[in-house]
Protein chains: 2
Amino acid sequence: MSNIREVADLAGVSVATVSRTLQQPELVSPKTRAKVTRAIEQLNYKPNLMAVKFRSGKTHNIVVLVPTVANVFFARVIRGMQEAAAAEGYSLLLVNTMGDNATEQNYARMIHTSQADGVVQLRAFNPFNDIDADEQGLLPMVNACEILDTPQCPTVSLDNRLAAAAMTEHLVELGHQHIAMIKGPASSPLTRERMLGFKDALQEAGLKYCEELMFDGDFTLQSGYDAADRILSQSHTVSAIFCENDEMALGAISRLKAAGLRIPQDISVSGFDNIAFAKFSDPPLTTIAQPAEEFGETAINLLIDVLKGKAKRAVKVILPYQLIIRNSTGPAPAQPVNLTR
Amino acid sequence: MSNIREVADLAGVSVATVSRTLQQPELVSPKTRAKVTRAIEQLNYKPNLMAVKFRSGKTHNIVVLVPTVANVFFARVIRGMQEAAAAEGYSLLLVNTMGDNATEQNYARMIHTSQADGVVQLRAFNPFNDIDADEQGLLPMVNACEILDTPQCPTVSLDNRLAAAAMTEHLVELGHQHIAMIKGPASSPLTRERMLGFKDALQEAGLKYCEELMFDGDFTLQSGYDAADRILSQSHTVSAIFCENDEMALGAISRLKAAGLRIPQDISVSGFDNIAFAKFSDPPLTTIAQPAEEFGETAINLLIDVLKGKAKRAVKVILPYQLIIRNSTGPAPAQPVNLTR
DNA sequence: ACAATAAATGTTATCGGTTACATTGTTATC
DNA sequence: GATAACAATGTAACCGATAACATTTATTGT
């Protein structure tokens, strides 16, 4: 591998001139520029960017802590990040953390070992919770999707509470009185927010909130299936199920159909996220659309602002949601349907 | 940010001793080791890994060219890579290339600018096709999933031809005589291989291969939906559709159901990949399971072998597939079903 | 033609580690 | 007690680029 000195020797100039030819060509006379360019081509010289990064102290790397890349929603967020990062000359170091705190702490430390300039956290866990930070001003971290309640961290989120209320309102308007909810893990703020929105709307409609109609899930298809199974064996009056994401909704539908129930005639099901599969399921899923790519794009841009010192204080961006009504939700049945078959 | 010199000063030793304390502690006396350790803690010293990488010439970064992270199958492959890489101290630089050749060439060049040690390519395109290579021996690149026909590149793949033949055989055994196929993009070798396997099995069964029963798709849900639409309007004798991936199969099922067809009573549909959704679709999808995580893991391990100089020649690994029979395929209807409703 | 100024190019310290080699200190052997 | 052998530690070159500063060359004005 050739280096800048070999190029300088071959071109008969100094290393500074070679460097300038590449960085600020306007400072170099056309004649020498040509000589240098020719030498670069002749040697097939490529600058060692590791040396540049080391010297400049800027890596142009961003660590992204992804709970699981296997999630379709995150895949879209990643795409948005990728594009925004590439546009600004940054590379992403994607880490599939499986929601493990220790793993996230380890990888977040890459900004301390000069392997990355900043961190994007997609989960509501502060990987820097064990250290100082406060007096240091803004840490180079932004938080997207799940809201982390650290005031000094820029955040991109959805008003999950409002969105969940909108969905609940939709179900209430269809006449549903006994609505079950399949929740995400209790540790997730998303779950809390969406549950609060659910409660808000029930109260608004004068309906009673029942703890027994809340079922646990973990955002996977299988957990939706399992939760629906429990609903069938426990709650015989339910006419609608509000799932906190589309995967669980599709899993639940699978179980309900296996029990011979018709959707939405016998029971309505709604999701959250509007993943690609939602439109093609049977029936197509009523859900909340989130601007996933925009989440990623905004997160990266906020981070770059922080890195450039542009961000004076933590910005909190809230992106719009959209209620997408398809055919998995319909009017509540006139007569209670027997769920145990 | 403190550096090794400050640590050395505080501990009252030389920088070499500090370096040794971290790299080969057995060479340092317990007494000095303690002094150094204390100084490191006191200053909260973290070695600048960018400097280490620069000095050593090894980045421990691997560029992964992913056609699209939004694909559920690739998400699993990525997870496998992530784990294998972490175990060996490597980080992944994931790039969502959208199948763009120029983008892939650009990012693959990171190994020439010392930003990465090697490349994993998940698509059948050689990003180094424009340069020398041959005489250089093994380039630090491995190819997974889609087979790239460069003999000097280690590869992990499935015997797609055999797997497609197995699926076709399954359909033939159920009595299907007119089988349509929804293909991937013609540019993809996967498509060619699976088509050849399809032909093989038809020939084996003494059935005729019909060009008119081949329909184009691009591995997305929507393209499966659209292809099914064309099948309905053009081919009235088809009793089974073999889709080259699960997404297209699910898209096709959506369209067929919209036409009032029952699956598999009226028409059978099969997929390829066994993504998580396949099990929960209605009906559950008959498909080919691929060991996606193992693809990723094997790819990374092969690459690390190449990087360590262990690999003398290009290894070609072929992983096993599994035919998963669910309920989207069934006996061919006794009477031809009218597809145009 | 000559000083003053601007443009082009050169010299070299520097970033933060690693490591070959040099030096000093310690223990073992006869 | 002298010397060899080894352990512990120190010194300084080095990786490849950048950029502050120094120096040379070209241009301008009078």
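Here the structure is a predicted model, which is why all the values come from computation and not from measurement. Below, chain A is the first sequence line, B the second, and so on; all start at residue 1.
- Within the structure, ring-ring contact (aromatic ring centres under 6.0 Å, His included) pairs that include any residue of residues 11-34 of chain A do not occur (at least two apart or interchain).
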Can you tabulate the close N/O pairs, meaning under 3.5 Å, that link protein atoms to atoms of nucleotides 4-7 of chain C?
none

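- Residues of residues 30-38 of chain B having a heavy atom closer than 4.0 Å to DNA chain C: none are found.
- Here A:Thr113 contributes atom OG1 and B:Lys53 contributes atom NZ; the two are 8.0 Å apart, rounded to the nearest 0.5 Å.
- Shown for residues 3-17 of chain A: residues whose heavy atoms fall under 4.0 angstrom of DNA chain D, namely A:Asn3, A:Ile4, A:Arg5, A:Ala16.
- With sequence neighbours excluded, the residues that form a side chain to side chain contact (heavy atoms under 4.5 Å, CB included) with B:Asn3 are B:Arg5, B:Glu6.
- In this structure, the separation between CG on A:Asp117 and CG on A:Leu303 is 8.5 Å, given to the nearest 0.5 Å.
- Note that CG of B:Leu307 is 9.5 Å distant from CD1 of B:Ile300, once rounded to the nearest 0.5 Å.
- The side chain to side chain contact (heavy atoms under 4.5 Å, CB included) test with A:Tyr45 is passed by exactly one of A:Leu22, A:Leu10, A:Val36: A:Leu22.
- In this structure, the side chains of B:Phe73 and B:Cys145 come closer than 4.5 Å at one or more pairs of heavy atoms.
- For the side chain to side chain contact (heavy atoms under 4.5 Å, CB included) test, residues two or more places apart in sequence or in another chain that qualify with B:Val315 are B:Leu302, B:Val317.
- Under the rule for a side chain to side chain contact (heavy atoms under 4.5 Å, CB included), the partners of A:Lys308 that lie at least two apart in sequence or sit in another chain are A:Glu88, A:Ile304, A:Lys310.
- The minimum heavy-atom distance linking A:Leu148 with A:Asn126 is given by the pair CD1-N, 3.6 Å.
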Checklist entry - Between B:Arg123 and B:Glu146, does a salt bridge (charged side-chain N to carboxylate O under 4.0 Å, His left out) hold up when you go through it step by step? => result CA-CA 5 Å; B:Arg123 205 167 67 95; B:Glu146 275 202 3; over 6 Å; no
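- C:dG17 atom P lies 12 Å from atom CD of A:Gln115, rounded to whole Å.
- Nucleic acid contact class of A:Ser29 (heavy atoms, under 4.0 Å, all strands): sugar-phosphate only.
- Nucleotides of DNA chain D nearest to A:Ala51 and B:Glu26 differ in position, and the one nearer the 5' end is that of B:Glu26.
- At whole-Å resolution of the value, NZ in B:Lys46 and C1' in C:dG16 are 16 Å apart.
- Here B:Tyr107 pairs with nothing under the ring pair (Phe, Tyr, Trp, His ring centres under 6.0 Å) rule; sequence neighbours left out.
- Scored by the side chain to side chain contact (heavy atoms under 4.5 Å, CB included) test, A:Ser19 finds A:Ile4, A:Gln23 as partners (sequence neighbours excluded).
- Within the model, atoms CD of A:Glu104 and CZ of A:Phe125 stand 6.5 Å from one another, a figure rounded to the nearest 0.5 Å.
- Scanning DNA chain D 5' to 3' for nucleotides with an atom closer than 4.0 angstrom to a non-hydrogen atom of chain B gives a first and last hit of D:dA8 to D:dG16.
- Whole-Å rounding puts the B:Gln24 CD to C:dT19 C1' distance at 9 Å.
- In this structure, A:Gln23 atom CD and C:dT9 atom C1' are separated by 17 Å, rounded to whole Å.
- Nucleotide C:dC15 holds its P atom 12 Å from the CG atom of B:Asn48, rounded to whole Å.
- With hydrogens and angles ignored, the 3.5 Å screen pairs no side-chain donor or acceptor of B:Asp218 with any backbone N or O of B:Pro185.
- The CE atom of B:Met50 sits 13 Å away from the C1' atom of C:dC15 (whole-angstrom rounding).
- Taking the screw axis at each terminus of the helix from C:dA1-D:dT30 to C:dC30-D:dG1 from five consecutive base pairs, the angle between the two is 40° to within rounding of 10 degrees.
- Partners of B:Tyr90 by ring pair (Phe, Tyr, Trp, His ring centres under 6.0 Å), not counting sequence neighbours, listed by chain and number: B:His60.
- Scanning atom types as modelled, one donor and one acceptor separated by under 3.5 angstrom connect the side chain of A:Arg55 and the base of C:dT14.
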